[in-house]
Amino acid sequence: MPTPAELKAQILRLTREYSALMHRANRPGTEEAVAFLPGQTTVPYAGRVFNEDEVEAAVGATLDFWLTLGPEGAAFEAELAGFLGVKHSLLVNSGSSANLVAVTALTTHKLPATRRLQPGDEVITVAAGFPTTVAPILQCGLVPVFIDNDPATGNVLGAQLETAFAAGRTKAVMLAHALGNPFDLGTVLEFCRRHDLWLIEDNCDALGCIYSMPAARARALGFKENSPGLPADGTHITRYTGTWGDLSTQSFYPPHHLTMGEGGAVNVVHRPPLKTYAESFRDWGRDCWCASGKDDTCGKRFQWQLGELPAGYDHKYIYSHLGYNLKPLDPQAAIGRQQLKKLPAFIAARKRNWETLRAGLADLEEFFDFSLPTHATAWRAGSGFVWDGTGCRTDCSWFGFMLRVKASAPFTRTQLARHLDEKKIGNRMFFGGNLLRQPAFVQLKRDRPQAFRVVGEFPGADEIMHHALFLGTYPGLTPAMLRYEIETIRAFVQSQ
Ligand SMILES: Cc1ncc(COP(=O)(O)O)c(C=O)c1O
C-alpha cells in the first residue's frame with residue numbers, strides 16, 4: 001500500500017508528464033514548441049505562458065487542500081514584496097479588487113482627518129485607460145478629476161496636474177503606468193509632495209518596469225535606495241514602478257506579466273500601517289489580523305474593548321471597517337510563485353518583442369506614430385532611444401506595442417484592426433479609450449453631474465481613442481509570429 005506522500009509524488013510526476021504533452025502551445029516563444037502556420041495559427045495579443053512547474057504547483061496545492069489563502073499565499077506575498085522591495089504585498093482576487101482595496105484603505109478613520117479620503121474629496125486621474133483604475137474612486141464616494149493623456153506615451157500629461165488641483169479637496173493621485181510605460185514619476189511625485197497627496201500607482205500592466213531618477217532629485221523625494229537587484233551607478237536611484245507611490249497594485253489575470261488565473265496584489269510601499277487597513281478591507285473589514293487558521297495572533301483575543309461592544313468581545317469578530325472578502329485561493333498563489341521565478345525571463349522577452357516590432361516597422365513612420373517610453377523624445381534604428389534633458393529614464397517591461405495610425409494615412413485604425421483580425425493577429429485598442437465617452441460615464445453625467453470633474457478638453461485621450469491600437473509583446477510570441485505580424489502590416493500598408 002503506497003503512503004500518501006508516495007501517492008502524491010506519483011500524481012505530481014504524472015502531472016508533469018501530462019502538462020509537458022498538453023501545454024506545449026503555452027511555453028515561452030523562444031522554445032517554438034508548436035509549428036506556426038501563418039494565417040492559420042492565431043497570434044494572440046497576450047496569454048498564459050507556463051510549463052509543467054505551474055501545473056504541478058496547482059495540483060500539489062490542490063491535493064494539500066488548504067484551499068483558502070494559506071501557506072502558499074503567505075509565501076507568494078513575501079516573495080513578491082521581496083522582488084519589488086516593498087514592505088508588504090497583499091494578494092487579492094484581481095487587479096480591479098487591488099485598486100478597490102488600495103483606494104478604500106485610504107478612507108479609514110484610523111488616518112488623520114487631513115489625510116483620510118472622505119466622501120466628496122477629489123482624486124486626480126487620467127481620461128484614457130482601464131475603467132477599474134477609476135471605478136474605485138467613485139465606489140468610495142470620491143470625485144475623480146480627469147486630466148488628459150499624452151498620446152505619445154499613453155500616460156498622464158504632467159503639466160495639467162496643477163490645473164486640476166483644488167486646495168482642501170484634492171487628496172490623492174491615482175494613475176496607471178500605461179501598457180508597461182511608466183508615467184513621469186518625477187513630476188507626479190513632486191506634485192504629490194508639494195500638496196501632501198497620496199499616490200496610488202496602478203501597476204497592473206507594468207510589473208518589472210524600471211524608472212530611474214537623478215539621485216539628488218530622488219533623495220529630495222525621500223528615495224535613497226534602488227530596488228533589490230537593480231544596478232547602482234551612484235548618480236541615479238533606480239526602482240521598479242509600483243515602489244514609488246504609497247500603494248500600488250498588480251493584476252495577475254492571464255494577459256499580464258505573470259498570472260495566477262484571476263488574481264492581483266496591493267503593494268504597501270513604505271508605510272506599514274497601510275497594510276493593516278488594506279488587509280482589513282480585503283478581509284471582511286475585521287479588526288483582527290490573524291492569518292487563516294490562527295486564533296490569537298495579538299495575544300489579546302478576549303481583552304479588547306472596541307466600539308460599543310462589551311469588554312472581551314472576541315477580536316476575531318470585531319469589525320473596524322465595512323469591508324469585503326477579496327481573497328484568492330491558495331492553489332492560485334502556488335501558481336503565482338512559479339510564475340514569479342520566470343518573471344525576469346518574461347520581462348526580457350517583452351522588451352525583445354517590442355524592439356523586434358519597432359525595428360521591423362521602422363520605415364512606416366509616414367503612416368504610424370509609434371509609442372515612446374516616457375522621457376524618450378525619439379527612437380533611432382541602431383542606436384535606440386533619444387532621451388529628454390530631465391536625467392530621468394524609463395526601462396519598459398511592455399504590456400503591448402502601441403501605435404497610432406496618422407490622420408494622413410490612406411487607411412484608418414479600425415480598418416487596420418479589422419485586417420489584422422482577418423489575418424488572425426490579436427490586437428486591442430487602448431482599453432476604454434477616453435473613458436468619459438463610455439456609456440457608463442455618459443450615464444453618470446446625466447444621473448449625477450457632480451460625480452466627477454473634468455479639466456479642459458481631451459485631445460490626447462481622444463487621439464488615443466480614435467487612432468491607437470496595440471499588438472502583443474507577451475513572452476509566448478515566437479520569432480515566426482513576430483515576423484508574420486511585421487510582414488502582414490507591411491503588406492497591408494503597401495496595398496493601400
Ligand atoms: C491598468 C489596469 N488596471 C487594472 C486592471 C484590472 O485587472 P483585473 O483584470 O485583474 O481585474 C487592468 C486589466 O487589464 C488594467 O489594465
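We count ligands from 1, going down the list as the structure has it; atoms in each ligand are counted the same way. The structure displayed is predicted, hence computed values, not measured ones.
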Enumerate the pairs of nitrogen or oxygen atoms, one from ligand 1 and one from the protein, separated by less than 3.5 angstrom; state names and distance to 0.1 Å.
residue	atom	partner	partner atom	Å
ligand 1	3 (N)	D202	OD1	3.3
ligand 1	3 (N)	D202	OD2	2.7
ligand 1	7 (O)	S251	OG	3.4
ligand 1	10 (O)	G95	N	2.7
ligand 1	10 (O)	S251	OG	2.7
ligand 1	11 (O)	G95	N	3.4
ligand 1	11 (O)	S96	N	2.9
ligand 1	11 (O)	S96	OG	2.6
ligand 1	14 (O)	H256	NE2	3.0
ligand 1	16 (O)	D205	OD1	3.0
ligand 1	16 (O)	D205	OD2	2.8

Between the side chains of S248 and N203, is a donor N or O closer than 3.5 angstrom to an acceptor N or O? no
Residues in salt bridge (charged side-chain N to carboxylate O under 4.0 Å, His left out) with R413, at least two apart? none
For D462 and N434, which I'm curious about, is there any donor-acceptor pair between the side chains at under 3.5 Å? yes
Just verifying a value: how many Å separate L106 CG and M174 CE, rounded to the nearest 0.5 Å? 9.5 Å
What distance do M260 atom CE and H256 atom NE2 have between them, rounded to the nearest 0.5 Å? 13.0 Å
Quick one: pull up CG in L477 and OG1 in T356 and give me the separation to the nearest 0.5 Å. 9.5 Å
